[in-house]
Amino acid sequence: MGGVIHHLRSQRCLIILDDVQTIFSSQQLAGNYKPGYENYGAFFKQIAESCHNSCIILISWEKPREIAALESHQKNCQTLQLNGLGESAREIFTEKGLSESEKWSELIDLYQGNPLWLNTVAAAIQDLFNGNVSDFLSYDSLVLGDLEYLLHQHFQRLSDSEKQVMSWLANQNKPVEISKKPALLELSPSEFLKAVESLRRRLLIEKVQKGDRTLFAVQRAIAEYLNS
């Protein structure tokens, strides 16, 4: 580890680690390392706290615990959440040859501008409906299709407590507060809050600010998957 720090100090380096979530255990709260991978935590922490002019970028579905702790007081350690594409997602629909461009904004909103989801949905619309967006949108429920496989990859990693919280949120009609643990969940207050925190680190639940109230919700596509 010392050799890596020496190189980061002697030369200006950029290190990119992709799919970092693969070093974490499944069916546990976010950020628990697989056996034999625990030294990564010390590695991330040492790089964040050492003096150097280099940069390391971690790309992950889950935020390492060390990063969550360090970014609260280290200016040189930050998290960037990749949000939806917004109207620029129209380029995906143009490339896929979809018709009825006046309906594209509705598609973007339904799938939160997620580029992977929109690519998957656009391919299905072209294949099943000859590119006609209205026919696709005529279905009462949100059509997932191949998205179910993509979402399943996320959900197979969740702990039992996280699955309970996700199912509860998916059945709410609007964003909800978490000031009190829902009575129907068979979790202690501590287990409930730990599960919410873990789901936030996985970016599977959204935080909605309404005045001085903090609310939480899941995206519609995720709720549809859980209730299907």
Side-chain angles (χ1 to χ4, degrees), residues 1-89 91-92 111-120 149-159 161-162 165-166 190-191 193-209 214 216 218-219 222:
M1 195 179 297
V4 174
I5 297 298
H6 170 74
H7 284 295
L8 295 180
R9 286 173 176 166
S10 61
Q11 303 181 53
R12 195 172 185 182
C13 306
L14 171 63
I15 300 174
I16 300 176
L17 301 181
D18 198 3
D19 285 334
V20 172
Q21 75 278 351
T22 58
I23 67 177
F24 300 125
S25 295
S26 295
Q27 300 175 354
Q28 294 185 27
L29 296 177
N32 284 294
Y33 294 94
K34 292 179 178 177
Y37 290 83
E38 295 87 353
N39 284 340
Y40 273 96
F43 174 63
F44 297 150
K45 189 173 186 293
Q46 185 170 353
I47 288 182
E49 293 180 334
S50 298
C51 180
H52 56 79
N53 291 318
S54 296
C55 180
I56 180 170
I57 297 176
L58 309 180
I59 303 174
S60 178
W61 295 353
E62 300 178 22
K63 183 189 298 187
R65 291 182 175 182
E66 293 77 16
I67 302 301
L70 287 167
E71 65 183 346
S72 62
H73 62 276
Q74 292 264 356
K75 291 184 178 179
N76 59 348
C77 184
Q78 300 179 19
T79 296
L80 173 63
Q81 179 176 338
L82 298 181
N83 296 314
L85 295 177
E87 287 299 307
S88 60
E91 295 181 20
I92 294 174
Y111 294 94
Q112 301 290 309
N114 185 305
L116 179 59
W117 295 2
L118 291 175
N119 262 300
T120 303
Y149 171 74
L150 299 174
L151 292 172
H152 179 70
Q153 288 182 297
H154 285 279
F155 284 93
Q156 69 179 353
R157 300 181 60 81
L158 300 186
S159 64
S161 60
E162 289 175 297
V165 173
M166 286 295 289
S190 176
E191 289 173 329
L193 289 178
K194 285 179 181 178
V196 171
E197 182 182 35
S198 182
L199 290 168
R200 284 288 298 153
R201 288 180 181 171
R202 298 183 196 274
L203 305 180
L204 285 177
I205 60 176
E206 298 179 322
K207 185 164 65 174
V208 181
Q209 203 68 37
T214 301
F216 293 87
V218 297
Q219 295 178 7
I222 295 176

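Everything numeric here is computed off the predicted structure, so don't read it as measured data.
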Can you find a pair of side-chain heavy atoms, one from [X] and one from [Y], that are under 4.5 Å apart?
X    : Y    : result
R200 : K63  : no
L118 : L116 : no
F44  : E49  : no
I57  : L17  : no
P64  : L58  : yes

Say whether, by atom type as modelled, one donor and one acceptor occur between the side chain of [X] and the main chain of [Y] under 3.5 angstrom.
X    : Y    : value
H52  : I5   : no
Q153 : L151 : no
R9   : C51  : yes
S198 : K194 : no
N32  : L29  : yes
N76  : A48  : yes

List the atom of [X], the atom of [Y], and the distance in Å for their closest heavy-atom pair.
X    : Y    : answer
R65  : A30  : NE-O, 3.5 Å
M166 : I205 : SD-CG2, 3.6 Å
I59  : Q21  : O-OE1, 4.2 Å
S25  : K34  : OG-CA, 3.4 Å
E71  : T79  : OE1-OG1, 2.6 Å

| field | Check against side chain to side chain donor-acceptor pair (under 3.5 Å), Q156 and S26 | value | CA-CA 7 Å; Q156 69 179 353; S26 295; over 6 Å; no
| request: With side chain to side chain contact (heavy atoms under 4.5 Å, CB included) as the test, would you mind laying out the steps for L70 and K45 before giving the verdict? | output: CA-CA 8 Å; L70 287 167; K45 189 173 186 293; 4.3 Å; yes
| OH of Y33: more than 12 outside heavy atoms within 6.0 angstrom? | yes
For [X], which residues count as a ring pair (Phe, Tyr, Trp, His ring centres under 6.0 Å) partner, sequence neighbours excluded?
X    : answer
W61  : H154
F216 : none
Y37  : none

Got a second to check how far [X]'s [atom1] is from [Y]'s [atom2], nearest 0.5 Å?
X   : Y   : atom1 : atom2 : value
L14 : I56 : CG    : CD1   : 9.0 Å
L8  : N53 : CG    : CG    : 10.0 Å
I15 : F43 : CD1   : CZ    : 5.5 Å

| message | If you apply the rule side chain to side chain contact (heavy atoms under 4.5 Å, CB included), what do you find for I222 with F155, and how did you get there? | response | CA-CA 10 Å; I222 295 176; F155 284 93; 3.4 Å; yes
| field | S54 side chain to Q11 side chain, donor-acceptor N/O pair below 3.5 angstrom | value | no
| said: Less than 3.5 Å apart, any donor N or O on the side chain of S161 or E191 sitting next to an acceptor on the other? | reply: no
| query | Of Q27, Q28, R202, which meets side chain to side chain contact (heavy atoms under 4.5 Å, CB included) against L158? | reply | R202
| message | Suppose we screen for side-chain contact (heavy atoms from CB on, under 4.5 Å). Which residues come up paired with T22, at least two apart in sequence or across chains? | response | D19
| Partner set under side-chain contact (heavy atoms from CB on, under 4.5 Å) for L85, not counting sequence neighbours | S88, A89, I92, P115
| Residues which pass salt bridge (charged side-chain N to carboxylate O under 4.0 Å, His left out) with R157, listed by chain and number, not counting sequence neighbours | E62
